[in-house]
Amino acid sequence: MGLIEKQVAAELAEWPGFRSRGLGAEKICENLVRPPKDDMGDLAFATFKPAKEAGKPPAQLALELVAGRDTASISKRLRKVEDDAPDVPSPRAALVVAVGTAGPYVNIRLNRAAVSALLLKEIEKQGQAYGNSKAGKGRTLVVDLSSPNIAKPLAVHHLRSTMIGYSIKKIRESQGWRVVGVNHLGDWGTGFGKLIAGLKKYFPEVEQRAKAGDEQPLGNMSVQTLNETYSRFNNESKGDDDLADAGRSEFALLEQHIEALVKGEQTAAGAVNFRIWQHTREISLAEFERMYAHLGLSFHLWPVVDLQLKKVLTEESETFYRQHCLYVGESYYVTAEDLCRRIIVDAVENKVAEESEGAIVIYTHGKDKPPLMLVKNDGATSYHVRDLAAAIYRHRHWQASELTYVVGGEQKWHFEQLFKALDMLGHQWARGCSHTEFGLMLFQQADGKWAKTSTRRGTAIMLEDLLDEAIKSVREIMAAKNPELASTPEGEAVAHAVGVGAVVFNDLKAGRRNNVKFDWDAVLDFEGESGPYMLYQYVRMGSVTEKYREAYGEPDFAAGDAARLNLDEEWRILKLLADFPDAVAKASDEYEPSVVAQHLIKLASATSTWWVATRDSRIVGDDRDLSLARVRLVNAIRTTLGKGLTLLGMSPVDRM
RNA sequence: GCGCCCGUAGCUCAGUGGAUAGAGCAGCUGCCUUCUAAGCAGCCGGUCGCAGGUUCGAUUCCUGCCGGGCGCGCCA
């Protein structure tokens, strides 16, 4: 409950009706609800629970509670409370101005001037910190986000994990948490054996260069080509045992080599594969970087080796983790602290794991459910081991009290197994692990049915194409609506921010569990509940502030009289501003950015309604005092909207 | 077959024990000499998948069923 509710509850607790029934501020606060319609009141005290405890009908209790306030016959109309009522001793008891009952509810009307003054002052004081809390102070969350596979391009569906994760990171940070964003790169596994075998088969020069010691044996090969090479080899190796074996042995060589490296040794055959693999990773990261830069994310390879960055990390680690996320490839755990091997040995020695059909597995959910596989029957470790290692590493290294994985819902079973296995291995902290699952990105096929797509099969839409297309659409609209801005460098930056913002907002506005039916028309629709609409309201607030400056100079908020804000449209906005911190807290608790997005939609919509409602009187008009009061509201909207958009990973713009 | 997620207006989604279930899009009607109309107002549109149960009260919780999606040992 926010600032206003707390004060209202404290005030009501002083009323004889509440006090004599033992209803203290806390109890009142618990039962304060929002009336469904604005004209019913600003807040309501629901009497259901207290009435049950008192053993009387709710409607009767409601009448009794306000009895001292309204001796006339009680109707559904709200009745004015006497300001000088003798039984209201608290000096700040000025928030509630009218009460009335409607059946089981005590409806409350608030003193708009008092609430407005209180709230505007608060937002002006807090600025960009408005909505922050200290709920997670001293605690660390590690969030697993994006996590694409190397040698594959970033497709539209990667946007979900990336932006949901990034937004959660921002939101948690606002609640006082230290958040470490980890990009768990898919850079290990038998698939890379197939890729290497394919490269050797179709591009013999790659192997030649690698043998010669060239650190960049792939030349300027694109990620697209790497992906196609994998697909081609994978298809050909189906039903061709020799090729399939070749793929497996190439990976075995790679794995042996990286294990030897830990001991400071080298293997000749493995070194070739290692060079190819490393260059594959470099090429992929270079492409990922470009996408992440578009989206406003920054990643660094872990462990950090760059001296400058290392300095920031040790001296200002809070800042470092706020500004940067990390790439920690799966391959890291093959070598780091020998974790993978130790996990397997541990699990076997403690009889948590057992042998089955030539593999080493853990039955996490009983023998009749598929087990979690540690080692495959060909001796290669499975990704489960690396996930166990990653979890242990994250908990240990960052003293994380919570780990969450922003990964599609189709992997739910994997994470249930993973967390259970951690628990079985004696890691009680596994209870702080969660899977922030999200729905699939579905695409309409020729037969009209919706299905998920695959980069391997080439049916996916590339993230870059989507972003480019969105930015292009924005440019076109801007050229028509704001031509003088469109042709400037600032205009290009704005087109970028608005286009990317449109895509991001579109992805975050609905609950994350919903499947997303990808639809070009919907993504590129910049009207209604869209990113550009949010930014547009923000821009309007900026330009009207500018107009005030031109007319009256720099606004002195302290001199603005909040009591002048007496339009219903203004009151509606103020209530939404007051609720913003609760929305952020809820989004944080539930790992659900859409809670923030939905709140912003309401705020932006109320703002737009107000904008039009003041068409005649103007927000900034001839009445200087009224203009100043309104500019205070404008400032509060701008602050809150800007903060909310930032929490969603978007960049507010001043003009568009 | 088993497990998980989802089912709310023509479409995409909010709401999740409480007052008359809300938005956007699409369709129709209005509104730009003014601070950006990427906007605003209005109309149209609902047996909250179906059937039971718990409750003073269920779209919300429980059970069963129906429909859609996803997953179900050696891909990650």
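In what follows, every chain begins at residue 1, and chains take the letters A, B, ... in the order their sequences are listed. Reckoned from all heavy atoms, side chains included, excluding hydrogens, waters and symmetry mates.
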Can you name the residues that form a side-chain hydrogen bond (donor to acceptor under 3.5 Å, both in side chains) with A:N635, not counting sequence neighbours?
none
Just the rounded figure in Å: distance from C1' of B:U20 to CE of A:M40.
7 Å
Would you name the heavy atoms of A:G621 and A:S627 that are closest together and state the gap between them?
N-OG, 2.9 Å
Who pairs with A:W610 by side-chain hydrogen bond (donor to acceptor under 3.5 Å, both in side chains), at least two apart in sequence or on another chain?
A:E570
Does B:G22 have OP1 or OP2 sitting under 4.0 Å from an N or O in the side chain of A:K37?
yes
Side chain of A:Y383 only, please: which of B:A76, B:C74, B:A19 is the nearest?
B:A76
Closest listed nucleotide, where the reference is the side chain of A:P35 and the choices are B:A76, B:C13, B:A19
B:A19
Please work out which residues in residues 508-521 of chain A have a non-hydrogen atom less than 4.0 Å from an atom of RNA chain B and list them by number.
A:A510, A:G511, A:R513, A:N514, A:N515, A:K517
Partners meeting side chain to side chain contact (heavy atoms under 4.5 Å, CB included) with A:K52 (sequence neighbours left out)
none
Using whole Å, report how far NZ of A:K238 lies from P of B:C75.
12 Å
Among residues at least two apart in sequence or on other chains, which ones pass side chain to side chain contact (heavy atoms under 4.5 Å, CB included) with A:K369?
A:H365, A:W413
Of all residues at least two apart in sequence or in a different chain, which pass the side chain to side chain contact (heavy atoms under 4.5 Å, CB included) check with A:D589?
none
Given pairs defined as Watson-Crick or G-U wobble with both distances under 3.5 Å, what dot-bracket annotation applies to RNA chain B, with ( ) intrastrand, [ ] crossing, | other strand and . unpaired?
(((((((..((((....[...)))).(((((.......))))).....(((((..]....))))))))))))....
Report, one line per pair, each donor and acceptor closer than 3.5 Å where one atom sits in a side chain of residues 524-535 of chain A; sequence neighbours left out.
| from | atom 1 | to | atom 2 | distance (Å) |
| --- | --- | --- | --- | --- |
| A:D525 | OD1 | A:E527 | N | 3.0 |
| A:S530 | OG | A:F526 | O | 3.2 |
| A:S530 | OG | A:Y533 | N | 3.3 |

Under 4.0 Å between a side-chain N/O of A:T190 and OP1 or OP2 of B:A76, yes or no?
yes
Looking at A:F505, is A:K509 sitting on its ring face, NZ or CZ under 6.0 Å from the six-membered ring centre and within 45 degrees of the normal?
no
Please name all residues satisfying side-chain hydrogen bond (donor to acceptor under 3.5 Å, both in side chains) with A:S249, sequence neighbours left out, ordered by chain then number.
none
Nearest-angstrom distance from the residue atom CG of A:L32 to C1' of B:G18:
15 Å
To the nearest angstrom, the CG-C1' distance between A:L374 and B:G73 comes to 12 Å
At less than 4.0 Å, is any side-chain N or O atom of A:K376 found next to OP1 or OP2 of B:A76? Yes or no.
yes
Between A:H384 (side chain) and A:M373 (backbone), is there a donor-acceptor pair under 3.5 Å?
yes
Residue A:V544, side-chain atoms from C-beta onward, closest of B:C70, B:C35, B:G18
B:C35
Nucleotide-resolved protein contact map, nucleotides 39-45 of chain B, B/S/- at heavy-atom distance under 4.0 Å
BSS----
Could you state the atom-to-atom distance from NZ of A:K412 to C1' of B:C70 in whole Å?
11 Å
Rounding to an integer number of Å, can you tell me how far A:N482 CG sits from B:A37 P?
11 Å
Inter-nucleotide P distance (B:G67, B:A76), Å rounded
35 Å
For A:H158, the side chain to side chain contact (heavy atoms under 4.5 Å, CB included) test, sequence neighbours excluded, returns A:P148, A:L154, A:A155
Would you kindly give the CD1-to-C1' distance between A:I601 and B:C13, to the nearest whole Å?
9 Å
P atom, B:U20 versus B:G24: distance in rounded Å?
23 Å
Regarding the side chain of A:D525, the nearest nucleotide among B:C25, B:G73, B:C35 is B:C25
When you measure from the side chain of A:M373, which nucleotide among B:G73, B:A19, B:C13 comes out closest?
B:G73
What integer distance in Å separates A:H365:NE2 from B:C4:P?
11 Å
Fit a plane to each ring of A:Y552 and A:Y548, take the angle between them on a 0 to 90° scale, and name the class: parallel (under 30°), tilted (30 to 60°) or perpendicular (over 60°).
tilted
Determine whether a donor-acceptor pair (one donor, one acceptor, N or O, separation below 3.5 Å) exists between the side chain of A:T614 and the base of B:C35.
yes
Applying side-chain hydrogen bond (donor to acceptor under 3.5 Å, both in side chains), can you list everything that pairs with A:S608, at least two apart in sequence or on another chain?
A:R540
From C-beta outward on A:S356, which listed nucleotide comes closest to its side chain: B:A19, B:C4, B:G73?
B:G73
